[in-house]
2 protein chains.
Amino acid sequence: MKVYLTISRQLEMDIRDYFSPGDYLPPEARLAERFGVNRHTVRRAIDELVANGLVQRHQGKGNMVLRQPQQYRLHEGAHFTGCLLEQGSLPSSQVICSRLVTASDKLARELGIEPEQKIIQLQTLRHMEGIPRCVINHYLSDPQWWPAIKHFQQGSLHGFLKRALSVELKRESTRLGARAPSNEECRLLQINKSVPVMRIKTRNQLKGSNRIAEYSVSSARADLIEYVVEH
Amino acid sequence: MKVYLTISRQLEMDIRDYFSPGDYLPPEARLAERFGVNRHTVRRAIDELVANGLVQRHQGKGNMVLRQPQQYRLHEGAHFTGCLLEQGSLPSSQVICSRLVTASDKLARELGIEPEQKIIQLQTLRHMEGIPRCVINHYLSDPQWWPAIKHFQQGSLHGFLKRALSVELKRESTRLGARAPSNEECRLLQINKSVPVMRIKTRNQLKGSNRIAEYSVSSARADLIEYVVEH
DNA sequence: TCCCATTTGTACGTATGTATG
DNA sequence: CCATACATACGTACAAATGGG
C-alpha cells in the first residue's frame, strides 16, 4: 500500500475528529516524525488533501484546514440559491478593501471612460452560514464619491449610495460566465483550483442618465451557489 | 526564477512547435539531462502541464501530449455570447441520441411525475464555428410523443414540437450553475477536466397548463461561452 | 529596520517499485 | 524475462515567506 495515501487518509480522519476549518495542521516536519516517514512523503499526502480542497498551503505559516472531509461532496443538494439580479444590493456583504485606483483599458471600456482615469475599487465578501461564498469587485467611475465611499463598511452598497449620495443605480447589462478561480479568489473563498467560480459582470447606469456609474464582477463558489433567473 | 516553471514554459513551446496531440514527450530522464537538472525537477515541470490539461501521464509508457497550449488561453476575448433564454429553441443543435428511458427519482421530481415512469431523453450538441460548445439533455415527460420525436434530427426542438405535435412550451424556471465537466461532457465538448462547464437547468410547461412537459440541462464550455441576461 | 526561529517551497541526489511492450 | 519509463520513498540543503522580538 502506498505510504502517502495511508497518511493522507489518516490526516483526513484527524481533520474530521480534531480540527476545525481555519486551524493549522502540525508542521510537516512534525508529521513526518510522527508517521516515521520523510517530510516529502508527508508533503505528497498533503498534496492529496489540497487537491481535494480540504487544506490550503500557506508558505511560512502552515497548512490550513479548509473544511471537513464529509462536507466536500459536491453537487449533492443543499445548495444556496441566489437571485441573479440582486448584485450590489446584497445586505450581508462585508468590505474587504476600498481604494482609488487608475482604470485599466479593460475597466475603462466597461465604464465608458478614458483609460488612466482614477476610479474607486471596492472589494466585498459575502458570507452565508459562516462560509464565504461570493466575492465582488465593484468599480465606480466617479472618484468624487470617494470621501463618502471610504466609510462604507458593510451592508448594501446600492443602499449606501442612495443614503449617502442620493444616487440611484439601474442595471444596464448582465453577463454570466464561469472559470477556474484566481489565486486571490481561492484565498478569499477558501477553495482550491478544482472548484469553479461563477462570474457575473454587471454594468449599472445612473438613473435618468446613460452614463455607466458602476461595473461589478462577482465570483461565487459554483459548488455551493446556484442562481435562479426570475421570469 | 523558479527552474521548474521555466522548464514548464519551454516544454509548452516545444509542444506547440514540435508535438501533436497523441505524441509522447521524451522520457523524463532525457529531458532532465537536456535541461541539466534533476529528474524530479522535470517531473515538477510536467506536473504543471498535467494540471493545465496539456499532458497526460502513462506509467511505463510516457507522458502524452493532449493538446496545444495556444488552444487553452481562457477568457481572452473572442467569446461567444449566448442568450440565457433561448434554450431549446436553438436552431443549430444536432441530435446525438434519443431514446425512451425510465425516470430516476431526481428527474421525476423535476418533471413532476412519479419515478420509474417512461420519459423521452434527447441529447443534442450545439456547434458554433465548427467547435462543439454546448451539450443539452432534454427530458420530455410525455412518452406518447416518442413516435414523432424519434424522427427529430436537428434544428429547434421547440419548433419541431410545435410543427409536429402542435405543442407550445413556456419557460417555468431557470437555474444556473457551473461545475467541472463529466467524462461524457469532456468527450462531447472536446475539453478536459480543467475547463468548467456552465449548466443551465430549465423547466418548461405546456402552454395553458401547469404540467411540466420538458426539463433540460445544458452544459456549455465556460472558456468559450458567456451568457447575457436580457433586461 | 533588522534579526531570528519557524515553516513551507524548491532543487539536488539515490534507490527501489511497478507498469508497458 | 528484459529493457524502458514512470511512481514512490528515502535523504540533504538552501530559498522564501511569516511573525515576533
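Each chain gets a letter, A, B and so on, in the order its sequence line appears, and its residues count up from 1.
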- Message: Classify B:R44 by what it touches in the nucleic acid, base, sugar-phosphate, or nothing, heavy-atom distance under 4.0 Å.
- Response: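 Since only primed, P, OP1 and OP2 atoms lie under 4.0 Å of B:R44, the category is sugar-phosphate.
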
- Message: Going 5' to 3' along DNA chain D, between which two nucleotides do contacts with chain B fall, using a heavy-atom cut-off of 4.0 Å?
- Response: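 Contacts span D:dA5 to D:dA9, reading 5' to 3'.
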
Check salt bridge (charged side-chain N to carboxylate O under 4.0 Å, His left out) between [X] and all other residues, then give those that pass, not counting sequence neighbours.
X	result
A:R109	none
B:D23	none
B:R43	B:E28

- Query: Is any side-chain N or O of A:H40 under 3.5 Å from a base N or O of C:dT10, one able to act as donor and the other as acceptor?
  - Reply: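 Counting by modelled atom types and ignoring angles, no donor-acceptor contact under 3.5 Å is found here.
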
- Message: Does A:R39 contact C:dG9 through a side-chain donor or acceptor facing the base, at a distance under 3.5 Å?
- Response: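 Answer yes: a donor N or O sits under 3.5 Å from an acceptor.
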
Distance, rounded to the nearest Å, where [X] contributes [atom1] and [N] contributes [atom2]:
X	N	atom1	atom2	value
B:K2	C:dG9	NZ	P	10 Å
A:R57	C:dT7	CZ	C1'	11 Å
A:R43	C:dT10	CZ	C1'	8 Å
B:E28	C:dT18	CD	C1'	14 Å
A:Y4	C:dG17	OH	P	17 Å

- Task: For atom CD of A:E33, decide whether the heavy atoms of other residues, nucleotides or ligands shown that lie under 6.0 angstrom number more than 12.
- Result: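 Incorrect, the count does not exceed 12.
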
- Query: Between CD1 of A:I7 and NZ of A:K2, what distance do you get to the nearest 0.5 Å?
  - Reply: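 So the gap between those two atoms works out to 14.0 Å.
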
- When you measure from the side chain of A:S141 to the backbone N and O of A:I212, does any donor-acceptor pair fall under 3.5 Å?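 Looks like yes, one N/O pair under 3.5 Å.
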
Pairs under 3.5 angstrom only: tabulate donor-acceptor contacts from the side chains of residues 110-122 of chain A to other protein residues two or more places apart or in another chain.
from	atom 1	to	atom 2	distance (Å)
A:E110	OE1	A:R175	NH1	3.4
A:E110	OE2	A:R175	NH2	3.2
A:Q117	OE1	A:E114	N	3.3
A:Q121	OE1	A:R99	NE	3.3
A:Q121	OE1	A:R99	NH2	3.0
A:Q121	NE2	A:N137	OD1	3.1

- Quickly, which of A:L206, A:N204, A:V167 forms a side chain to side chain contact (heavy atoms under 4.5 Å, CB included) with A:E214? Name it, please.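 Result for side chain to side chain contact (heavy atoms under 4.5 Å, CB included) with A:E214: A:N204.
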
- Should D:dG11 form a Watson-Crick or G-U wobble pair with both distances under 3.5 Å, which nucleotide is its partner?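 In the structure as shown, D:dG11 has C:dC12 as its Watson-Crick or wobble partner.
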
- Does A:R203 make a cation-pi contact with A:Y215, if we ask for NZ or CZ under 6.0 Å from the ring centre and within 45° of the axis?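 Not satisfied by the 6.0 Å and 45° rule.
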
Give me, pair by pair, the N or O atoms of the protein and of nucleotides 19-21 of chain C that are less than 3.5 Å apart, along with how far apart they are.
none

- Message: Can you see if the side chain of B:N38 gets near the phosphate of C:dG13 - specifically, an N or O under 4.0 Å from OP1 or OP2?
- Response: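 Checking B:N38 against C:dG13: at least one side-chain N or O falls below 4.0 Å of OP1 or OP2.
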
